[in-house]
S.K.: 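First, the structure itself, so that you have it in front of you.
Only a predicted model underlies this, so the values are computations on that prediction, with no experimental measurement involved. Order of the sequence lines sets the chain letters (A, B, ...), proteins ahead of strands, with each chain counted from 1.
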Number of protein chains: 2
Amino acid sequence: MSHRQQAVTISDVARLSGVSPATVSRVLNDGIGFSEDTGRMVLDVVARTGYQANGIARALRVLKSGTVGLVVPDITNYFFSQVVEHVERELFAERYSTIICNTGRDAEKENSYLKKLDSKMVDGLILISGNPSTSQDVEVPNLPIVCVDREIAGSESTTFVSSDHEQGGYLATAELIAKGTRPVVLTTAYESTSSSARIAGYRNALRAHGIPESDARIIRVQAAEGGTNVSAALDDEVSAIVANLYAERTEAPIGVFATNDTLAVNAVNAALQRGIQIPQEFAIVGFDDSLISRVVHPPLSTIHQDVPKLAQVACANLIKLMAGDDLLEKRTRIPVWLESRATT
Amino acid sequence: MSHRQQAVTISDVARLSGVSPATVSRVLNDGIGFSEDTGRMVLDVVARTGYQANGIARALRVLKSGTVGLVVPDITNYFFSQVVEHVERELFAERYSTIICNTGRDAEKENSYLKKLDSKMVDGLILISGNPSTSQDVEVPNLPIVCVDREIAGSESTTFVSSDHEQGGYLATAELIAKGTRPVVLTTAYESTSSSARIAGYRNALRAHGIPESDARIIRVQAAEGGTNVSAALDDEVSAIVANLYAERTEAPIGVFATNDTLAVNAVNAALQRGIQIPQEFAIVGFDDSLISRVVHPPLSTIHQDVPKLAQVACANLIKLMAGDDLLEKRTRIPVWLESRATT
DNA sequence: TTGTACGCGTTATCAA
DNA sequence: TTGATAACGCGTACAA
């Protein structure tokens with residue numbers, strides 16, 4: 001039984017109702033163009049048989065499927081999973097199904113999925129952050145597309161929605177300055193668009209507060225963070241960095257702006273293990289407001305991304321595009337805010 | 001432009017190659033039944049035009065889609081997201097696409113998705129934990145189905161894969177006993193199959209170590225845990241529970257088996273805030289080995305679920321079912337293990 | 001108000 | 001080795 005049978009088709013319903021398939025279709029889709037009796041009859045048979053139109057056949061006929069593809073680099077990442085959740089919810093409300101594709105940041109897999117989605121006649125695409133380096137050579141189908149959190153290289157024409165990372169970097173740094181610390185950036189080795197923007201915000205804040213550019217210190221962590229596995233190498237490296245910062249400190253306490261919460265938490269733990277006072281001697285602001293930031297002690301001050309808004313704007317844009325409308329704004333930045341907790 | 005155009009169809013390729021659509025199909029799908037020249041010709045045209053078969057049309061013709069549906073209650077839950085990741089990977093390797101559906105534990109939405117998946121002619125279904133109470137009245141399509149982590153009520157015939165929660169409860173409790181504590185269970189108000197099994201394991205361990213059944217203490221937390229939002233009420237309630245336990249203690253230190261990591265971390269933090277020594281005065285074992293368990297301080301001892309194995313068995317079973325084979329084992333329990341860290 | 005006929009793009013069967 | 005033809009299930013002109 002490798003091949004399935006459609007339980008009940010429109011012809012079955014037609015036969016059982018004593019009408020033609022066309023009439024059944026009219027009753028179910030148009031809502032007009034038939035007598036009251038016929039309508040009742042057909043609906044009755046539909047209810048009895050549990051008939052449901054075959055979406056594949058319908059899609060082939062009308063050349064659209066009522067589904068949108070959602071491509072995500074790593075579903076186990078809390079931020080991405082939240083975006084997925086909200087996007088899915090928005091689209092469901094608009095009667096779209098969502099095909100979620102997890103690429104594992106693998107460009108080949110991403111390509112494969114994009115092709116498959118195209119062949120499945122999805123009506124539109126939401127691309128959450130493509131593969132970092134190779135996204136140049138990703139072949140994107142000719143469809144309504146909205147990119148979230150990262151643009152696809154080469155196509156400035158596609159619409160794009162992301163958090164205002166630069167504002168986030170500014171807010172984090174300003175907080176550290178307000179607390180009387182000398183702010184430093186702790187970030188990952190790999191330079192993504194969003195982390196660059198966060199660092200740009202850091203520089204902006206220095207400038208705005210009259211701190212000389214030469215005082216800017218950006219410390220890059222080499223060790224990989226790893227999705228599922230926590231890297232012990234990361235622990236060690238961050239620990240050494242914290243020790244160095246503390247040793248080199250002047251009279252002003254140290255302020256660390258970590259460009260993500262994982263780094264921030266690592267830094268907090270490293271400081272605590274050395275008996276350094278938080279936030280008196282050592283203040284930290286993270287980024288993302290991930291789950292761990294609230295559950296860790298002391299709770300982490302961090303930049304919060306407005307995921308529901310992000311998803312909402314992305315979906316609204318996509319729906320407009322799918323309807324054939326043009327967009328007023330091709331690029332949207334969603335405001336972020338500081339969640340000030342116990343590390344500043 | 002609400003309707004799309006297929007860029008290039010099999011007829012286009014046929015015309016450009018000077019053969020019939022049937023021959024193109026043979027070249028692409030069968031690999032035999034044509035001359036060498038024809039094969040080259042067709043493949044050349046395919047490469048030039050970038051033709052890709054329309055999956056919808058093919059699905060309609062062969063009555064299968066090469067996709068499987070994956071229904072998950074909450075994608076932002078780390079355990080579920082890991083299952084999704086691994087299931088998706090396994091299926092991708094077998095050339096299946098995966099449609100991931102996030103139900104938000106909403107029975108109505110689950111039903112809606114099941115119907116839609118059916119109508120999209122998915123070849124099989126993986127159901128990760130259904131809606132708790134209402135799963136009785138979920139209408140499951142007549143398809144190959146594998147349930148993960150929770151059975152659907154009423155249908156003992158469906159195949160089922162989950163972690164050995166009972167073993168987990170046993171291991172956690174045995175650890176607490178071995179450390180010389182009097183073990184207690186801290187769990188949520190709602191009784192799911194898996195948490196019941198975990199508690200059963202707790203009882204087994206008591207019995208096996210000669211601790212009278214009357215000493216079993218199961219404390220249920222009323223406050224909701226909430227997916228995205230952390231509940232302050234939960235904090236307070238757990239804090240009160242910890243205080244009570246500590247006040248009532250006899251000479252033996254307190255051992256808490258929390259049936260999930262969130263509860264465990266709450267308990268740890270509550271104890272720390274009261275200055276209670278961990279693990280000397282207060283030992284804790286969680287369940288799930290979630291992300292927070294490793295990043296929290298002190299790192300949490302917890303029961304680890306073997307998600308890759310879980311996904312692998314589930315997919316292997318589904319693939320067999322989809323091939324029309326029968327399964328030797330309808331119910332599989334995947335072993336768990338204790339990750340002993342700093343809270344025991 | 002209703003039915004007939006066609007086509008969406010493919011693959012499978014049959015005959016050449 | 002190849003091509004014409006039919007069929008998967010549906011929606012929709014068009015005719016009645």
S.K.: Taking B:L127 as the fixed residue, which of B:D149, B:L114, B:V148, B:T103 is the one that meets the side chain to side chain contact (heavy atoms under 4.5 Å, CB included) rule?
M.R.: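 Running side chain to side chain contact (heavy atoms under 4.5 Å, CB included) over B:D149, B:L114, B:V148, B:T103 with B:L127 returns exactly one hit, B:L114.
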S.K.: Enumerate the residues from residues 8-25 of chain B whose closest heavy atom to DNA chain D is under 4.0 Å, giving them by residue number; use none for an empty result.
M.R.: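 The stretch gives B:G18, B:V19, B:S20, B:A22, B:T23 as the residues lying under 4.0 Å from the strand, ordered by number.
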S.K.: Quick one: side-chain hydrogen bond (donor to acceptor under 3.5 Å, both in side chains) partners of A:S65, sequence neighbours excluded?
M.R.: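 A:S65 satisfies side-chain hydrogen bond (donor to acceptor under 3.5 Å, both in side chains) with A:T67 once adjacent residues are dropped.
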S.K.: OP1 or OP2 of D:dC10 versus the side-chain N and O atoms of A:Y51: is any pair under 4.0 Å?
M.R.: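 Looking at the OP1 and OP2 atoms of D:dC10, one of them is under 4.0 Å from a side-chain N or O of A:Y51.
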S.K.: For residues 309-323 of chain A, run the donor-acceptor check on the side chains, cut-off 3.5 Å, and write out each pair with its distance to 0.1 Å, sequence neighbours left out.
M.R.:
none

S.K.: Quick one: salt bridge (charged side-chain N to carboxylate O under 4.0 Å, His left out) pairs with a partner in residues 41-51 of chain B, sequence neighbours left out?
M.R.: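 The answer is B:D44-B:R48.
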S.K.: Expressed in angstrom and rounded to an integer, what is the separation of A:M121 atom CE from D:dC10 atom P?
M.R.: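 About 15 Å, once rounded to whole Å.
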S.K.: Atom CG of A:L60 to atom C1' of D:dA7: distance rounded to whole Å?
M.R.: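 Taking CG of A:L60 and C1' of D:dA7, I get 12 Å after rounding.
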S.K.: Taking side-chain hydrogen bond (donor to acceptor under 3.5 Å, both in side chains) as the definition, give me every residue that meets it alongside B:S163, ordered by chain and number, with sequence neighbours left out.
M.R.: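 Listed in chain order: B:Q305.
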S.K.: Tell me every residue that passes ring-ring contact (aromatic ring centres under 6.0 Å, His included) with B:Y113, counting only those two or more places apart in sequence or in another chain.
M.R.: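 Expected list: A:F92.
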S.K.: Whole-Å distance between D:dC8 P and B:L63 CG?
M.R.: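 Those two atoms, CG and P, are 8 Å apart.
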S.K.: In whole angstrom, what separates A:R40's CZ from C:dT1's C1'?
M.R.: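 So the two atoms are 15 Å apart, to the nearest Å.
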S.K.: Counting only side-chain heavy atoms from C-beta out, which of D:dG11, C:dT10, C:dT2 sits nearest to A:T38?
M.R.: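 The answer is C:dT2, which lies nearest to the side chain.
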S.K.: Just to verify, what does B:R26 make a side-chain contact (heavy atoms from CB on, under 4.5 Å) with, not counting sequence neighbours?
M.R.: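 Expected list: B:A22, B:T23, B:D30, B:F34.
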S.K.: Using the side-chain contact (heavy atoms from CB on, under 4.5 Å) criterion, which residues pair with A:T9? Sequence neighbours excluded.
M.R.: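 For A:T9 the side-chain contact (heavy atoms from CB on, under 4.5 Å) partners, ignoring immediate neighbours, are A:Q6, A:S11, A:D12.
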S.K.: Going by side-chain contact (heavy atoms from CB on, under 4.5 Å), name the residues that satisfy it together with A:Q52, two or more places apart in sequence or in a different chain.
M.R.: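 In terms of side-chain contact (heavy atoms from CB on, under 4.5 Å), with neighbours along the sequence ignored, A:Q52 is linked to B:K115, B:S119.
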S.K.: Residues of residues 26-37 of chain A with any non-hydrogen atom less than 4.0 angstrom from an atom of DNA chain C: list those, numerically ordered, please.
M.R.: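 Nucleic-acid contacts, sorted: A:R26, A:G33, A:F34, A:S35.
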S.K.: Do A:S25 and A:I10 come within less than 4.5 Å of each other through their side chains, counting heavy atoms only?
M.R.: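 Counting from C-beta outward, A:S25 and A:I10 do come under 4.5 Å.
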S.K.: Could you work out how much the helix from C:dT1-D:dA16 to C:dA16-D:dT1 bends, comparing the axis of its first five pairs with that of its last five, to 10°?
M.R.: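 Rounded value for the end-axis angle: 50°.
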S.K.: Listed by chain and number, what are the side-chain contact (heavy atoms from CB on, under 4.5 Å) partners of A:D37, not counting sequence neighbours?
M.R.: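 Once residues adjacent in sequence are excluded, the partners of A:D37 under the side-chain contact (heavy atoms from CB on, under 4.5 Å) criterion are A:S35, A:R40.
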S.K.: So, does B:R61 get its side chain near the phosphate of D:dA7, meaning an N or O under 4.0 Å from OP1 or OP2?
M.R.: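 Answer is no, no contact under 4.0 Å.
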S.K.: Take atom NZ of B:K120 and atom P of D:dG9, then tell me their distance rounded to the nearest Å.
M.R.: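 From B:K120 NZ to D:dG9 P: 17 Å.
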